[in-house]
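Written out below as structure tokens is the structure these notes cover.
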2 protein chains.
Amino acid sequence: MSGVRRPPLAEGVLPGLLGYRLRLAQQAVFRDFAKSVPGMSPGQVGLLVLIDANPGVTQSRLAEALQRDRSTMVGVLDRLQAKGLLERRRGSDRRTNGLWLTPAGRRALGRALERIAGHERRIAARLSATERRELLRLLGRISD
Amino acid sequence: MSGVRRPPLAEGVLPGLLGYRLRLAQQAVFRDFAKSVPGMSPGQVGLLVLIDANPGVTQSRLAEALQRDRSTMVGVLDRLQAKGLLERRRGSDRRTNGLWLTPAGRRALGRALERIAGHERRIAARLSATERRELLRLLGRISD
DNA sequence: TATTGTTATACTCTATAACTATA
DNA sequence: TATAGTTATAGAGTATAACAATA
């Protein structure tokens, strides 16, 4: 057994900080996501959605949209391509790669989005519809 | 020049997802934090606050509170100790290390918290006092 | 036997600098 | 000259498995 009764840690100034509370919420959401959508991260699903909604988009445009360095995209895309979820096709400007989901990628994305529906229900389980809308609005005021 | 006029990327289903909007907000906050508190991450400051508020806390207790593996703490604490910000002292249960901030650690934490005050003002700049409180409350409903 | 800290190892995400091929 | 993608390299943060010291 492990009923070892330890007083909870004092959190000092942290609970008053918006950044800290946001980080805690994000970590809780991340843990539920990992259980709900095994084998894919929020970032990976986000990338697949972006490519699906912008077929032929280049790596650089994606990097710009995500505020990441070009070189960061290479490995991230390599991993998704290695799983057979996307293709790089050389563009008419032959410096560029256009990105497309493969049929397997579209199927995997569809399955992930089904799982995410349940995940979203769980994380918002303790919010009313009004509160959920209000939370989205307030988060928007922070992200610009 | 780079006035290259590109249509913004379509975001597909993402903007309707609470998890996505939370992640965007968190990333925006993280970027401002990095500019505001150079050389320290939110996680590192959080750890220093926890040790400051719980002097002598063991690595295992910290790992448990942060929901991280024991082995994860080793490297994280090594880095802060290498910067001279904390000490490990062997406990009376000689399997344990008690953790304490050094004087330099307390000074560094004080400086970081001063910077964080400005950071917090900036990220909440577009929220009224009421909205800020409401956001904290709603985030709490998500983190448990 | 169980717990604490550690090591060895591995993987993801991130960046900077330098290279290549194209434009 | 400038841009797109890549490589080499580095560092933080995360995990699992196994080990030594201690309880």
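Chain naming here is simple, since letters A, B, ... match the order of the sequence lines and numbering starts at 1 in each. Small disclaimer: the values here were computed from a predicted structure and weren't measured.
- Backbone-only engagement by A:Arg94 is indicated by non-hydrogen atom pairs under 4.0 Å involving sugar-phosphate atoms exclusively.
- Between the side chain of A:Arg95 and the base of D:dG5 there is no donor-acceptor pair of N/O atoms closer than 3.5 Å.
- Between A:Arg68 and A:Asp93, the residue anchored closer to the 5' end of DNA chain C is A:Arg68, taking for each the nucleotide with the nearest heavy atom.
- Looking at B:Ser143, its side chain never comes within 3.5 Å of a backbone N or O of B:Gly140 through a donor-acceptor pair.
- The nearest whole Å value for the distance from the CZ atom in B:Phe30 to the P atom in C:dT14 is 10 Å.
- Side-chain N/O atoms of A:Arg88 include one lying less than 4.0 angstrom from OP1 or OP2 on D:dT6.
- A close approach under 4.0 Å does occur between a side-chain nitrogen or oxygen of A:Ser60 and OP1 or OP2 of D:dG5.
- At D:dT6, one or more side-chain N or O atoms of A:Gln59 fall inside 4.0 Å of OP1 or OP2 (strictly under the cut-off).
- A distance-only check finds no donor-acceptor pair linking the side chain of A:Arg107 to the backbone of A:Gly105 [under 3.5 Å].
- As a whole-Å value, the separation of B:Arg70 CZ from D:dT22 C1' is 13 Å.
- Contacts of A:Thr72 with the nucleic acid, taken as non-hydrogen atoms under 4.0 Å apart, include base atoms.
- For the residue pair B:Arg79/B:Gln44, the side-chain donor-acceptor check at 3.5 Å is not satisfied.
- Of the listed nucleotides (D:dA18, D:dG13, D:dG5), D:dG13 has the atom at the smallest distance from the side chain of B:Arg79.
- The side chain of A:Asp69 has C:dT16 as its nearest neighbour among C:dT3, C:dT16, D:dG5.
- Close to C:dC13, at under 4.0 Å from its OP1 or OP2, lies a side-chain N or O of A:Ser41.
- To the nearest 0.5 angstrom, B:Leu138 atom CG is 10.5 Å from A:Arg21 atom CZ.
- Between the side chain of B:Ser71 and the base of D:dT16 there is at least one donor-acceptor pair of N/O atoms closer than 3.5 Å.
- To the nearest angstrom, C1' of C:dT14 lies 15 Å from CG of A:Asp78.
- Within 4.0 Å of A:Arg90, counting heavy atoms only, lie sugar-phosphate atoms of the nucleic acid but no base atom.
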